Amino acid sequence: MRGSATARTPAARRRAVRTAGALVSAGLLLPLLGAAPSASSPGAPGAPDAGDALQGAFAAAAAEYRVPQSVLLGVSYLQSRWDAHGGAPSVTGGYGPMHLTDARTAVAGAPHHSEGAEDPRGDASRGVLKPKEFTAKVPENSELPARLRTLPRAAELSGQSAENLRTDPAANVRGGAALLAAAQKKLGKPLSDDPADWYGAIARFSGADDQATAATYANDVFAVIHDGQQRTTDSGQRVALPAVGGLKPDAAQVRGMGLRKAPKGETECPSTVSCEWIPAPYEEFKDPNGNDDYGNHDLADRPKSQSIDTIVIHDTEGRWEGVLNMVQDPTYVSWQYTLRSTDGHIAQHVKAKDVAWHAGNWYVNSKSIGLEHEGFLTAPDTWYTEAMYRSSARLVKYLAKKYDIPLDRQHIIGHDNVPGTLPSTIAGMHTDPGPYWDWQHYFTLLGKPFKRTAGPHGGLVTVAPDYAKNRPEYTGCVKPGEKCEPHGSAAVRVHTEPRDDAPLIKDLGLRPGGGESTTGVNDTGARLSTGQQYAVAERKGDWTAVWYLGQKAWFKNPKKQPTAVDAKGLVVTPKDGATEVPVYGRAYPEKEAYPAGVPVQAVTPLPYKLLAGQKYAVGDKVPGEYFYAPTFDTAPHKVVRGKDMYYEVQFGHRVAYVRAADVRVAPSGS
């Protein structure tokens, strides 16, 4: 989360959080498939070549532990998409293709939320909260839930060392097969060749402690089996799970597993995910000076009072249990949903109609829903499970349909795309989920993959690098200035000239003195992100220039490995006769719109200019609005709406706003 509204110092922003090392009804199940064909074991006659060794490892482990190969492959796909991540742990300490967890070894749980005084709302109508500090310690194994310590159990069952299970993909698959077989036996089920008989064992493998999550996880595995999958992994391994039909798994197996029934309460979630109600408190309290205060969100009546037009993607920078403690603290901040990495389980904390304090920009808070994903921005080799990506995508599709939110990158944004409210707040804005969140995969799950939509004269480009092959250098993941481990990324850097050694584009908001942008993992000053659209300014050979922060910004875009694809749409440019146009971090009304008793909010421009001849991709056209909510008593709450209209634009790495009266809109190719 660098996801709360923390105003961080540059040093704090660079601080690394280091990692060491609804029971779903049967009617929701798709028609399911049978076991995948077996594959030859490595080393046997007709064995696969080196690029197929992992496929052979699945076949060998399935045969050894008498687990249907389709079950083993399906579970692994939902965990990791068969990637090994070079032996690095996931955000919850899971290793290898089977995501065997050893959180005691892998996770140092210091959450970024605990860094002192915070402005929880991005609004000056209330004082700054000073939430209590949350001390972080690496928990003992006995303090961890079973879902975070499956690797030690796999070591016992398989005879493999913990180190082998972490670093050797074949051993990891073998350990996962041992866990599945043990779960099947514990349930009193036979080691059957029929994958349909393994529903309960798959649900148990998820580590979920409630029926709904376990069932959702098992249903997802069987959906993977039904659909079939094939891909080349991060280590160049070719793995395939052929699609076969006809399975009828017994979902009722989950009811006899002794799992709790998670309270659905007032949740607003699709039926295809597991979701429970863990409310954030709307409570009064005394601040450290003895004055009345309240937290940690505001009651509202959206979308009647204001439209909901944005979904903000965060990462938590902390472990699930600790983050849930924070959101239940009235002196802290809030967000609508938290998603768990191990199995995609969702907790809802704030109703969508109410305003959570998550984005650090009050205008954005008032118009958005915040989703926190269990994860760590500055640990590049930590990774999110496929289960969480899928669960998040289903939730976003549900919310987007319910509130008529377009599925594009000007409406589904990262916290790192939220603009500062004033020049003084730009440097303190958060940078999660960062360059390692896989936006292309996420939008593919949303049914909206980023593709070419125009020819070379469309006037726009959509940023769309190959995540696995796009590996820009970053620093500061562990120590300032120290290189991060190479890793796939959704981000692309921009330079002042079309060459690799040219200086990076400067961000005068981040560095008012004109300081250089850096390769720091939290430095967003010269960074494009997958799915974002920019107006083309020029092309030279393998390089493309776009308009960015009032400058011409160049990025490498070779035909053989493009980092962006051609697109078309609407752009804004200064109205005729204007040499420059101010840019804003919030779309607030003109002063004449404020009624008596509501303090006028200054319409203060950011230190950027949209200059004559430049163009920027357009998002929504919105009225100036301000949600006045200064007290626990909602009686004085008001939505102030003005006559001034604004356009949201993709101005830099972050979005921004320009007054409609200052610009003209035109097709991008004109």
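Note that the coordinates shown come from a computational prediction; the quantities given were computed from them, not determined experimentally.
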Is it the case that the side chain of [X] and the backbone of [Y] share a donor-acceptor pair, with hydrogens and angles ignored and the cut-off at 3.5 Å?
X: Asn470; Y: Ala491; answer: yes
X: Thr150; Y: Thr101; answer: yes
X: Gln532; Y: His653; answer: yes
X: Gln237; Y: Ala53; answer: yes
X: Trp383; Y: Ala88; answer: yes
X: Asp197; Y: Leu191; answer: no
X: Asp83; Y: Thr233; answer: no
X: His314; Y: His415; answer: no
X: Asn557; Y: Thr563; answer: yes

Subject >> salt_bridge(Asp209, Arg260) N-O dist < 4.0 Å >> reply: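 Salt bridge flag = yes for Arg260 with Asp209.
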**OP:** Answer yes when Arg147 and Glu321 have at least one side-chain N-carboxylate O distance shorter than 4.0 Å, and no when they do not.
**Re:**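 Answer for the salt bridge query: yes.
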Subject >> Ser391 vs Ile346, side-chain contact (heavy atoms from CB on, under 4.5 Å): CA-CA, chis, key distance, verdict >> reply: CA-CA 8 Å; Ser391 185; Ile346 300 171; 3.4 Å; yes
**OP:** Only pairs at least two apart or in different chains count here, so list each side chain to side chain donor-acceptor pair (under 3.5 Å) that has a residue in residues 169-186.
**Re:**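 Qualifying pairs: Glu64-Arg174.
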Original post:
side chain to side chain donor-acceptor pair (under 3.5 Å): which pairs involve residues 393-405, sequence neighbours left out?
Top reply: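 Matches after skipping sequence neighbours: Asp220-Arg394.
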Side-chain contact test, heavy atoms from C-beta onward, threshold under 4.5 Å: evaluate it for [X] versus [Y] and give yes or no.
X: Asp566; Y: Val461; answer: yes
X: Val323; Y: Arg340; answer: no
X: Pro433; Y: Trp439; answer: yes
X: Phe443; Y: Pro449; answer: no
X: Ser489; Y: Tyr474; answer: yes
X: Thr342; Y: His99; answer: yes
X: Leu100; Y: Leu179; answer: yes
X: Arg409; Y: Val463; answer: no

Determine the minimum heavy-atom distance between [X] and [Y], stating which atoms define it.
X: Thr530; Y: Pro465; value: OG1-CD, 3.2 Å
X: Tyr436; Y: Cys484; value: OH-CB, 4.1 Å
X: Val221; Y: Gly74; value: CG1-C, 3.8 Å
X: Ala62; Y: Gln69; value: CB-CA, 3.8 Å
X: Leu73; Y: Ala240; value: CD1-O, 3.7 Å
X: Gln336; Y: Ile369; value: OE1-CA, 3.6 Å

Subject >> From CA spacing to verdict: ring-ring contact (aromatic ring centres under 6.0 Å, His included), Tyr389, His441 >> reply: CA-CA 8 Å; Tyr389 270 125; His441 181 55; 5.5 Å; yes
**OP:** Show your working on side-chain contact (heavy atoms from CB on, under 4.5 Å) between His345 and Asp210 and close with a plain yes or no.
**Re:** CA-CA 10 Å; His345 180 63; Asp210 71 280; 3.9 Å; yes
Original post:
Among Glu266, Glu268, Lys264, which one satisfies side-chain contact (heavy atoms from CB on, under 4.5 Å) with Trp277?
Top reply: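 Of the listed residues Glu266, Glu268, Lys264, the side-chain contact (heavy atoms from CB on, under 4.5 Å) partner of Trp277 is Glu266.
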Original post:
Testing Thr338, Leu399, Val312 for side-chain contact (heavy atoms from CB on, under 4.5 Å) with Leu371, which one passes?
Top reply: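 That would be Leu399; it is the only one of Thr338, Leu399, Val312 passing the side-chain contact (heavy atoms from CB on, under 4.5 Å) with Leu371.
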Reported [atom1]-to-[atom2] distance for the pair [X] and [Y], which is rounded to 0.5 angstrom:
X: Tyr384; Y: Glu374; atom1: OH; atom2: CD; result: 9.5 Å
X: Leu395; Y: Gln348; atom1: CG; atom2: CD; result: 8.0 Å
X: Cys477; Y: Glu485; atom1: SG; atom2: CD; result: 9.0 Å
X: Asp432; Y: Asp416; atom1: CG; atom2: CG; result: 6.5 Å
X: His373; Y: Trp437; atom1: NE2; atom2: CH2; result: 4.0 Å
X: Trp82; Y: Asp234; atom1: CH2; atom2: CG; result: 13.0 Å

**OP:** Can you establish whether the number of heavy atoms outside Arg231 located under 6.0 Å from its atom CZ is more than 12?
**Re:**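 Yes, because the 6.0 Å sphere around CZ of Arg231 holds more than 12 heavy atoms from other groups.
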Subject >> Test side-chain contact (heavy atoms from CB on, under 4.5 Å) applied to Ser158 - qualifying residues, sequence neighbours left out >> reply: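 Checked Ser158 against side-chain contact (heavy atoms from CB on, under 4.5 Å); matches are Tyr65, Gln160, Leu165, Ala178.
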**OP:** Check step by step if side-chain hydrogen bond (donor to acceptor under 3.5 Å, both in side chains) holds for Gln253 and Tyr199.
**Re:** CA-CA 7 Å; Gln253 289 181 13; Tyr199 188 91; over 6 Å; no
Original post:
Strictly by modelled atom types, are Ser368 and His358 linked by a side-chain donor-acceptor pair under 3.5 Å?
Top reply: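 Distance-only check passes for Ser368 and His358.
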**OP:** Determine whether the side chains of Gln79 and Thr385 contain a donor N or O and an acceptor N or O closer than 3.5 Å.
**Re:**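 No, Thr385 and Gln79 have no side-chain donor paired with an acceptor closer than 3.5 Å.
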Subject >> CA sep, side-chain torsions, deciding dist, call: Cys269, Tyr337, side-chain contact (heavy atoms from CB on, under 4.5 Å) >> reply: CA-CA 10 Å; Cys269 293; Tyr337 300 90; 3.8 Å; yes
Original post:
Which of these, Arg166, Arg149, Arg153, sits in a salt bridge (Lys or Arg N to Asp or Glu O under 4.0 Å) with Asp102?
Top reply: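 Only one of Arg166, Arg149, Arg153 forms a salt bridge (Lys or Arg N to Asp or Glu O under 4.0 Å) with Asp102, namely Arg166.
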Subject >> Tyr467 vs Gln440, side-chain contact (heavy atoms from CB on, under 4.5 Å): CA-CA, chis, key distance, verdict >> reply: CA-CA 8 Å; Tyr467 181 91; Gln440 180 67 278; 5.7 Å; no
